[in-house]
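These notes concern the structure reproduced below.
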Number of protein chains: 2
Amino acid sequence: MHYPLTPDCTGGVCPVETTLNLISGKWKGIILYRLLSGKKRFGELKKIIPAITFRTLTLQLRQMEQDGIVERTVYAEVPPRVEYALTDLGKSMKPIIQSMCDWGTNYQKRVDQTGNPASN
Amino acid sequence: MHYPLTPDCTGGVCPVETTLNLISGKWKGIILYRLLSGKKRFGELKKIIPAITFRTLTLQLRQMEQDGIVERTVYAEVPPRVEYALTDLGKSMKPIIQSMCDWGTNYQKRVDQTGNPASN
DNA sequence: CCGAATCCATGATGATACTG
DNA sequence: CAGTATCATCATGGATTCGG
């Protein structure tokens, strides 16, 4: 079911703000997207998101872990292995990522075909 | 139509990144959400998004204008009036905001009822 | 008055070197 | 391999000032 986008939610906390508070980091959407296809090791994530730095990847993953979106598993091996997976809460965000994927795909198509992103 | 979330888009540019590049600012999602119900004056936006500062609201709106998401109209009046409205491209992002609104609403319900955001 | 520009403070993110 | 430490840069917050 869809909840009304309008009239604006002025009574309580805005649900869009609630969502953005959890995923508005510069990279959290991408991390979420990449983990939707299954758990990944730290190095794997870094490899498929080359533009992020080690430091920021670590920080964003830790925040997502604190927010209950990501689960972190450390294996006592040599060399060390750390795997990140989405929790059920994280997986429940799939529709958000899906809509971003759809929009971005259409946007890229328009830019490729017409040279500008006009939506008509 | 939905585009595949997996296998990961490794060949070209990631559509999720494309989308996030346009709306990953800390407040752009909220601004987009608030403008979905119709054009707003600068002061109106500030009033319904109290936590944002004048400076940041200005900057984010200008970026969204450059990206073709928002249209800015200045009226030569006293006192001055500046209105912001979504372009067609901006309106086409409605499904993204809708999915965030849905998710945030469900999240708030679970927190209100159970005290924690577990997704079951 | 309203919208915005300016100046400075703080927080988030980037780059590089280094460690258990 | 998976980080941590340190410093640099960029994004955002706060207060004040300005033009119309």
Side-chain angles (χ1 to χ4, degrees), chain A residues 13-14 16-35 38-67 69-86, chain B residues 13-14 16-35 38-67 69-86:
Chain A
V13 178
C14 172
V16 177
E17 285 193 44
T18 297
T19 303
L20 285 174
N21 281 340
L22 297 181
I23 59 167
S24 73
K26 184 173 178 181
W27 300 99
K28 286 180 185 173
I30 306 288
I31 294 170
L32 198 48
Y33 167 61
R34 295 302 187 172
L35 287 179
K39 63 183 176 188
K40 301 267 183 304
R41 299 180 58 162
F42 183 87
E44 284 183 277
L45 281 171
K46 174 71 177 96
K47 190 176 299 180
I48 59 182
I49 313 175
I52 200 173
T53 60
F54 288 101
R55 169 188 159 77
T56 302
L57 180 55
T58 301
L59 291 175
Q60 306 252 309
L61 282 168
R62 296 295 164 84
Q63 286 175 23
M64 295 170 79
E65 188 190 4
Q66 280 198 328
D67 290 334
I69 295 170
V70 157
E71 191 182 30
R72 179 173 182 263
T73 308
V74 182
Y75 296 89
E77 301 175 358
V78 175
R81 181 162 60 107
V82 180
E83 283 183 347
Y84 294 90
L86 292 184
Chain B
V13 178
C14 172
V16 177
E17 285 194 44
T18 297
T19 302
L20 284 174
N21 281 339
L22 296 181
I23 58 166
S24 74
K26 185 173 177 180
W27 299 98
K28 285 180 184 173
I30 306 287
I31 294 170
L32 198 48
Y33 166 61
R34 294 302 186 170
L35 288 179
K39 63 183 177 187
K40 302 266 184 304
R41 299 182 56 165
F42 183 87
E44 285 184 277
L45 281 171
K46 174 70 178 99
K47 190 176 299 181
I48 58 181
I49 313 175
I52 199 173
T53 62
F54 288 101
R55 168 186 160 79
T56 302
L57 181 55
T58 301
L59 290 175
Q60 305 252 309
L61 282 168
R62 293 295 164 83
Q63 286 175 23
M64 295 171 78
E65 189 189 3
Q66 280 198 326
D67 291 333
I69 295 170
V70 156
E71 191 181 31
R72 179 173 182 264
T73 309
V74 182
Y75 295 89
E77 301 175 359
V78 176
R81 181 161 62 107
V82 181
E83 283 184 347
Y84 294 90
L86 292 183

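Note on naming: letters A, B, ... go to the chains in the order of the sequence lines (proteins, then strands), and numbering restarts at 1 for each one.
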Handout entry: Nucleotide nearest A/Pro79 (side chain, heavy atoms from C-beta), chosen from D/dG13, D/dC1, D/dA2
Key = D/dC1
Exercise for the section: Assign B/Val78 to base, sugar-phosphate, or nothing according to its heavy-atom contacts below 4.0 angstrom with the strands shown. Expected result: nothing
Handout entry: Whole-Å distance separating the CD1 atom of B/Ile49 from the P atom of D/dT12
Key = 14 Å
Practice task
For D/dA2, take OP1 and OP2 only and decide whether either is under 4.0 Å from a side-chain N or O of A/Arg81.
Solution key: no
Handout entry: Closest-nucleotide ordering on DNA chain D, the 5'-leading residue of A/Val74 and B/Pro80
Key = A/Val74
Between the protein and nucleotides 14-17 of chain D, which nitrogen or oxygen pairs are less than 3.5 angstrom apart?
none

Problem - For A/Ile31 against A/Gln60, the heavy-atom pair lying closest together - result: CD1-CB, 3.9 Å
Handout entry: D/dG3 phosphate, OP1 or OP2, under 4.0 Å from A/Arg41 side-chain N/O
Key = no
Practice task
Report the distance from atom CZ of B/Arg72 to atom OG1 of B/Thr58, rounding to the nearest 0.5 Å.
Solution key: 8.5 Å
Exercise for the section: May I ask you to decide if the ring planes of B/Phe42 and B/Phe54 are parallel, tilted or perpendicular, using 30° and 60° as cut-offs? Expected result: parallel
Handout entry: B/Thr56 OG1 to B/Leu61 CG distance, which is reported to the nearest 0.5 Å
Key = 10.5 Å
Practice task
Using heavy atoms and a sub-4.0 Å distance, could you list which residues of residues 22-30 of chain B are near DNA chain D? By number, please.
Solution key: B/Gly25, B/Lys26, B/Trp27
Handout entry: Leading and trailing nucleotides of DNA chain C with any atom under 4.0 Å from heavy atoms of chain B
Key = C/dC2 to C/dC7
Handout entry: Partner set under side-chain hydrogen bond (donor to acceptor under 3.5 Å, both in side chains) for B/Gln66, not counting sequence neighbours
Key = none
Handout entry: From CG (A/Leu57) to CZ (A/Arg62), nearest 0.5 Å
Key = 10.0 Å
Problem - Spacing of B/Gln60 atom CD relative to D/dG13 atom C1', expressed in whole Å - result: 12 Å
Practice task
Respond yes when some side-chain nitrogen or oxygen of B/Tyr75 is under 4.0 Å from OP1 or OP2 of D/dG20, and no when none is.
Solution key: no
Problem - Atom pair CG (B/Leu86) and NZ (B/Lys40), whose distance is rounded to the nearest 0.5 Å - result: 9.0 Å
Problem - Value rounded to 0.5 Å, distance of NZ in B/Lys46 from CZ in B/Arg41 - result: 15.5 Å
Practice task
Using a heavy-atom cut-off of under 4.0 Å over every strand shown, decide if A/Glu83 touches base, sugar-phosphate, or nothing.
Solution key: nothing
Practice task
Note the angle between the end axes of the helix from C/dC1-D/dG20 to C/dG20-D/dC1, five pairs defining each, rounded to 10 degrees.
Solution key: 30°
Which pairs of donor and acceptor atoms, one on a side chain in residues 21-28 of chain A, lie under 3.5 Å apart (sequence neighbours left out)?
residue : atom : partner : partner atom : Å
A/Asn21 : ND2  : A/Glu17 : O            : 3.4
A/Ser24 : OG   : A/Leu20 : O            : 3.0
A/Lys28 : NZ   : A/Gln63 : OE1          : 2.8

